[in-house]
**Student:** 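Have a look at this one.
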Number of protein chains: 2
Amino acid sequence: MARWEPDARGRLEKAAMELFQERGYAGTTVEEIAARAGVTERTFFRYFADKREVLFSGSKVLEAWIVERIHSAPREMNTFAVVTAALEGAATELQATRDPAFVRARYLLVSNHSEIQERELIKLAALAASVTKALHARGVAEPGASLAAEAGIAVFKIGFERWVGEKKMGNFAAHIRAAADALKTVAAEGTEPQSSRSAPQRKRARRGGDEPKR
Amino acid sequence: MARWEPDARGRLEKAAMELFQERGYAGTTVEEIAARAGVTERTFFRYFADKREVLFSGSKVLEAWIVERIHSAPREMNTFAVVTAALEGAATELQATRDPAFVRARYLLVSNHSEIQERELIKLAALAASVTKALHARGVAEPGASLAAEAGIAVFKIGFERWVGEKKMGNFAAHIRAAADALKTVAAEGTEPQSSRSAPQRKRARRGGDEPKR
DNA sequence: AGTTCTATGTCAGTAGCTGACATCACTCCC
DNA sequence: GGGAGTGATGTCAGCTACTGACATAGAACT
């Protein structure tokens, strides 16, 4: 028999999520998390660099999903399409492998605690950097690669928020596609009347029924 | 005569920047900052919510510049143009009122310390939220408002990085304009071949001489 | 059987941050 | 002009996140 219960990391993550929901993030100490997981505080910090990090085990996986898809995208596909397709694929995979209730609970936790939100944002920034690098490997030049990556992250964020905001969480990838289309529309609006900045505003075209209400 | 030296806040900010550059962010304690500013640690925390916050007095000003410009933009102007114009205006104002050496020093500090970078990112996220709100006030609907705001922030970030990256920092607003144009190009690429995703990649058009080397 | 490995525990210490209360020049008001 | 605030600061005690150094005991290897 093993000397210790296996999967201390997993137990710590589970204990942390439970306690954060029971008592709030600030209201629970690392010592309490460790105790519930049956280890000491010191062990917690061997697995996680700090208290927040316990909530972010999934971010490396997400990044891998996206980057892989960019690398394996057909050569002729244009940059923004590659990015959005990769995001849609990752979204589908995420939805297939994660419990929606967990995803929503974690989202609420993050959006209610700026301390955690900061960490989330830097993870997304790291994701953008990885996407940029993957685009460079496809031969995409600067600043197009960075812009496509950052725009992609914006699309992901907004698509995610609208997905999680649904009463019954539907198709994540569809929300991403909708956000990408909306971004294209917004960006294109500014294209023609650029020199004389007084052309009448065009109405945005309504796309098919995937968009949430609101 | 006054009981205390005036502008404790300013002295703290100055002392902090100096010490962070001398000994690094992690290598300087709040106590040291306070001592150099001639106050106690407790007083530091009366002016700033935490150690990082001492570096972010400028972010409210920047936000105000941008939001004001959005509110006062002509009604007929289209959304993305409003945002980029506001960013360009704020960029010009920032460049006119801040010492480039300070801006660069602060940038290097932020980009070398993930702890500070997290704070920077959440300030930008708050900025995006304010831009979104200002666009709502113009009658822009969701998700276009959020997307335009997030895309604008991406443009600002990348324009800023490329500006600070220049040996001799030139025209900030021009970098923002270049980034905005590049984003439009990137987003437009994905427009036509959407249904059959195998159309040949088009070369991106090179714009005029404002773009930095790299 | 002995050695080494590895995940964990123990302990002491630093630094960020907070609440409670004290101080004292200045100001206001009767 | 004297007493009662007021407001920026100091003092102090304390919590918690986080770290380095060292100890321990099964497990695995030879």
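Atoms considered below: every heavy atom in the structure, side chains included; atoms not considered: hydrogens, waters and symmetry mates. Proteins get letters first, then strands, A, B, ... in listed order; numbering begins at 1 in each.
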**Student:** Working to the nearest 0.5 Å, report the span between OG of B:Ser130 and CG of B:Leu135.
**Tutor:**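 It is 11.0 Å, given to the nearest 0.5 Å.
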
**Student:** Please determine whether a side-chain nitrogen or oxygen atom of A:Thr43 lies at a distance below 4.0 Å from atom OP1 or OP2 of C:dT8.
**Tutor:**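 No, because none of the side-chain N or O atoms of A:Thr43 sits under 4.0 Å from OP1 or OP2 of C:dT8.
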
**Student:** As a test of reading the structure: which of C:dG16, C:dC11, D:dT9 is closest to the side chain of B:Glu41, going by heavy atoms?
**Tutor:**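 Nearest nucleotide to the side chain: C:dG16.
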
**Student:** Where the side chain of A:Arg42 is concerned, which of C:dT8, D:dA17, C:dT10 is the nearest nucleotide?
**Tutor:**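 My answer, after comparing the listed nucleotides, is C:dT10.
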
**Student:** Which nucleotide sits closest to the side chain of B:Trp4: C:dT8, D:dT9, D:dC18?
**Tutor:** D:dT9

**Student:** Do other residues, nucleotides or ligands put more than 12 heavy atoms under 6.0 Å from A:Glu31 CD?
**Tutor:** no

**Student:** Between A:Thr40 and C:dT8, is there a side-chain N or O to OP1/OP2 distance below 4.0 Å?
**Tutor:** no

**Student:** Cut-off 3.5 Å, side chains only: do B:Glu142 and B:Ser146 have a donor facing an acceptor?
**Tutor:**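 Result is yes, a qualifying pair exists.
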
**Student:** Base, sugar-phosphate alone, or nothing: which one does B:Tyr47 contact when heavy atoms must sit under 4.0 Å apart?
**Tutor:** sugar-phosphate

**Student:** Between P on D:dA17 and CD on A:Glu118, what's the gap in Å once rounded to a whole number?
**Tutor:**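 Between P of D:dA17 and CD of A:Glu118: 16 Å.
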
**Student:** The side chain of B:Arg46 lies closest to which of these nucleotides: C:dG9, C:dA20, C:dC17?
**Tutor:** C:dA20

**Student:** From the set C:dC17, D:dA17, D:dG10, return the single nucleotide nearest to any side-chain atom of A:Lys51.
**Tutor:** D:dA17

**Student:** Expressed as a whole number of angstroms, how long is the span from A:Phe44:CZ to C:dG9:P?
**Tutor:** 14 Å

**Student:** What is the distance, rounded to the nearest whole Å, between atom CG of A:Asp50 and atom P of C:dA15?
**Tutor:** 18 Å

**Student:** Can you check the B:Glu5 CD to C:dC26 P distance for me, whole Å?
**Tutor:**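 For the pair B:Glu5 CD and C:dC26 P, the rounded distance is 13 Å.
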
**Student:** Say you draw a straight line from OG1 of B:Thr28 to CD of B:Gln21; how long is it, rounded to the nearest 0.5 Å?
**Tutor:**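 Rounded to the nearest 0.5 Å, the OG1-CD separation comes to 11.5 Å.
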
**Student:** To the nearest Å, how far apart are A:Arg9 CZ and C:dT6 P?
**Tutor:**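 Those two atoms, CZ and P, are 17 Å apart.
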
**Student:** Within this structure, what is the CG-to-C1' distance between B:Asp7 and D:dG7, rounded to whole angstrom?
**Tutor:** 17 Å

**Student:** Write down the distance between CZ (B:Phe45) and C1' (D:dA8), rounded to a whole number of angstrom.
**Tutor:** 18 Å

**Student:** For the side chain of B:Arg3, counting heavy atoms from C-beta on, which of C:dC17, D:dA8, D:dA17 is nearest?
**Tutor:**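 So the nucleotide nearest the side chain must be D:dA8.
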
**Student:** C:dG16 P sits how many Å from B:Glu32 CD, rounded?
**Tutor:** 9 Å

**Student:** Just jot down the side chain to side chain donor-acceptor pair (under 3.5 Å) partners of B:Lys14, sequence neighbours excluded, or say none.
**Tutor:**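 In terms of side chain to side chain donor-acceptor pair (under 3.5 Å), with neighbours along the sequence ignored, B:Lys14 is linked to B:Glu18.
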
